[in-house]
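All chains are named by letter (A, B, ...) in the order of the sequence lines, taking the proteins before the strands, and each is independently numbered beginning at 1.
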Number of protein chains: 4
Amino acid sequence: MTRNKLKEVAMRLFGEKGYDGTALSEIAKEVGVKTPAIYAFYENKEDLFMTVFREAMQSYNTFIQEVSEEQKELNARESLYRVLSRQYQFYKKSPEPNLFVLRYVLFPPSFLKETIEDAFLHSDETLTKAIEGLIEQGIREGVMKDQSVQPLVDAFLNLMDGLSMQYFYYTSKELYERKLNNAFEIFWNGACS
Amino acid sequence: MTRNKLKEVAMRLFGEKGYDGTALSEIAKEVGVKTPAIYAFYENKEDLFMTVFREAMQSYNTFIQEVSEEQKELNARESLYRVLSRQYQFYKKSPEPNLFVLRYVLFPPSFLKETIEDAFLHSDETLTKAIEGLIEQGIREGVMKDQSVQPLVDAFLNLMDGLSMQYFYYTSKELYERKLNNAFEIFWNGACS
Amino acid sequence: MTRNKLKEVAMRLFGEKGYDGTALSEIAKEVGVKTPAIYAFYENKEDLFMTVFREAMQSYNTFIQEVSEEQKELNARESLYRVLSRQYQFYKKSPEPNLFVLRYVLFPPSFLKETIEDAFLHSDETLTKAIEGLIEQGIREGVMKDQSVQPLVDAFLNLMDGLSMQYFYYTSKELYERKLNNAFEIFWNGACS
Amino acid sequence: MTRNKLKEVAMRLFGEKGYDGTALSEIAKEVGVKTPAIYAFYENKEDLFMTVFREAMQSYNTFIQEVSEEQKELNARESLYRVLSRQYQFYKKSPEPNLFVLRYVLFPPSFLKETIEDAFLHSDETLTKAIEGLIEQGIREGVMKDQSVQPLVDAFLNLMDGLSMQYFYYTSKELYERKLNNAFEIFWNGACS
DNA sequence: CATGAATGAGCCTTCATTCAT
DNA sequence: AATGAATGAAGGCTCATTCAT
């Protein structure tokens, strides 16, 4: 119980205030426990952080995995749009792990720069493959004209990255949804013309 | 002299390791001075940080200003592409202030969350206006079909955001340039079809 | 245990060397503990100081309270003399809190000038009332001639104040006792003639 | 010019906030000069303090000297009362040096405990002698009855000490004057009966 | 005379961590 | 599983002082 509450609070605080900006005492206090209690569950601050990091990363990977898999019944356009809206749903449902991942992928604390780069590159590849699949499907379906896949993949991944960033600094829901739809529409036009 | 060296080193270290992760002693050491010397030039850590922040922000605004202005002789496509390549040049030429801005716009230390939001919203508006201008030019030129401007602006700004993020986590120059060109190409296609 | 030793040592050092002249490290060292240990018991230097101040003030108030109360069997002269000798006994028995009170009533650190003034005014009133009572008793007894009470109260309180000061800068016990007795004798003569 | 302004400001600040509580930078700032300028006139903080101390002490001694001397035309009662009112005038006219003397006679910084004790004992003797003279005059005049001088001297000096303290913690002028007059009246009664 | 720049020493405080209970 | 007490290390900051200008 405490173990999990610690993880949750740590995820939020590390995500909001950074590794160095978050004191173990703050985490403990929010959980309603004294600082040394943390050491009953985690070896030290780094261990707690890494545990949280792994969990956030896994949550992110699960999202990517789901995106990769259930592309059965839908056509390419629907599938690609679905990727974006799933990403959006996912951010809305659990912003903490996503803010966490975004933060530490962009700005890892020095002691795990490498670890994070490796972990993230792996996810990136999986995602890339999945998007490739969808693009190829689109071409097979004939809605996209027959062209090289790479540019479309690059463009779509860029779209996703842009939307990730924007999610965390545009607070307005309506604004974000408009941007999502507009950006996707232009992408889709560009892909089909 | 020392004053400026402090600013430079602080910009880099704050950008790389965060506000809490950067000790004044580190900054001082790199400059070749003892910690208390900092206080001859800056009131305290926050003041040094804010000074650096203002400078980085101004550097960013200068970039936006330039983008807004010299769109005379070029046609719309060239102008829009030029925005991206200028952004790229700008990142390459002075990555420090840009990493700094990116970091603290996304993850401001709590004591200046508001300040940063205000400052950034202002830049965002200026940039939006400039892009609007270019899109309208494109429509006037007849290369883009006559359509509402908003979607194209949203898409282009998203493109820029995505590229910003990618600049700082894809180290390879070639990879980045490919992504930039591909994403722009799809955007342009989408805008003209 | 440590908590109380800290209070004792702090009382003495703050009394002897002043708030700014006393480093927490000194206090800690005398107690046989490292400086940060203090923070397990007190929020900060100010808190430790205030705790000590409250205790010293309470000790002083207890003295005044006792003086106010047990004036039953004795006649006025004995009672008044007793006040002085109790004050003397009290200083001898616990010089630390008294030196502390004297110091900070006369020279409060700016951050608690008001607090101290309030606290002390209250004690002063209680003491004044008690002395008034004794003087009135003296008049009722017929040993003091029937006169207005105020001048006698003023004179007696002045006597006490003078003796307070002198206690802390005349080190010799005999000298002090002589002064006490002589000053009281003249006062008593003055009150009865 | 600056030299004297430094002394004045130092006297006031050292008197109000104590040796350790007063930074050279504060003194310099009030004088309108930067800290290192102080070292053009005084060797160091201690030297400035000592200079100020000597001056304050001298001012105090001057007062005592005056009291000792001009007791020509007046009778004993007038002379003694005059001592008190001069002391009062003196405090009113220049409270700074007097607060200073009071503070550091009671609570000397450790590095000049001895110096101060010596200096003050000397003043004390002079004052004692002067008061003795006045008392003897009173006896010669026949207004005081023929008695040993010591008790009267002790009582009168105690009176002065009490009034010194009270001057600095009772802010009201009227209150203070009442106390002065009342205390003196009782003393005089006691001395004459 | 005065100042800007710099420093060594030291202070208050926080923090991660340990250990006995 | 949890806590109170304690600590080493470090951080931000102030201060008296020096020195070249």
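- Taking every heavy atom of both residues into account, D:P109 and D:Y104 meet most closely at CD-CD2, 3.5 Å.
- In this structure, B:L24 atom CG and F:dA9 atom P are separated by 21 Å, rounded to whole Å.
- The NZ atom of A:K45 sits 14 Å away from the C1' atom of F:dA9 (whole-angstrom rounding).
- The separation between B:K5 atom NZ and E:dA6 atom C1' is 13 Å, rounded to whole Å.
- With rounding to whole Å, D:I27 atom CD1 is found 11 Å from F:dC15 atom P.
- Taking side-chain N and O atoms only, A:T35 has no distance below 4.0 Å to OP1 or OP2 of F:dT3.
- Within 4.0 Å (heavy atoms only), B:A23 reaches sugar-phosphate atoms of the nucleic acid but no base atom.
- Distances shorter than 4.0 Å separate some side-chain N or O of B:T2 from OP1 or OP2 on E:dA6.
- For A:A37, the side-chain atoms get nearest to F:dA2 when compared with the rest of E:dA6, F:dA2, F:dC13.
- For F:dG11, the paired base is E:dC12 (Watson-Crick or G-U wobble, both distances below 3.5 Å).
- In this structure, the separation between CE on B:M50 and CD on B:E55 is 13.0 Å, given to the nearest 0.5 Å.
- Aromatic ring orientation, D:F53 versus D:F49: parallel (interplanar angle below 30°, classes split at 30° and 60°).
- Between A:F111 and A:Y19, the distance from one ring center to the other falls under 6.0 angstrom.
- Between A:F100 and A:F14, the ring planes are perpendicular. Angles over 60° get that label, and only those under 30° would be called parallel.
- Using a 4.0 Å heavy-atom cutoff across all strands shown, D:Y39 reaches at least one base atom of the nucleic acid.
- Summarising the geometry, the separation between CG on A:D20 and P on F:dG12 is reported as 11 Å, rounded to the nearest angstrom.
- Protein atom NZ of C:K34 is 13 Å distant from nucleotide atom P of F:dA6, rounded to whole Å.
- Rounded to whole Å, the distance from NZ on C:K29 to C1' on E:dC11 is 14 Å.
- Remark: C1' of F:dA2 and CZ of A:R3 are 14 Å apart, rounded to the nearest angstrom.
- If you find the closest nucleotide of DNA chain F to B:E43 and to D:P36, the one lying nearer the 5' end belongs to B:E43.
- Comparing B:T22 and D:E26, the nucleotide of DNA chain F nearest to each residue sits closer to the 5' end for B:T22.
- Remark: F:dA6 base-pairs with E:dT17; criterion is Watson-Crick or G-U wobble with both hydrogen-bond distances under 3.5 Å.
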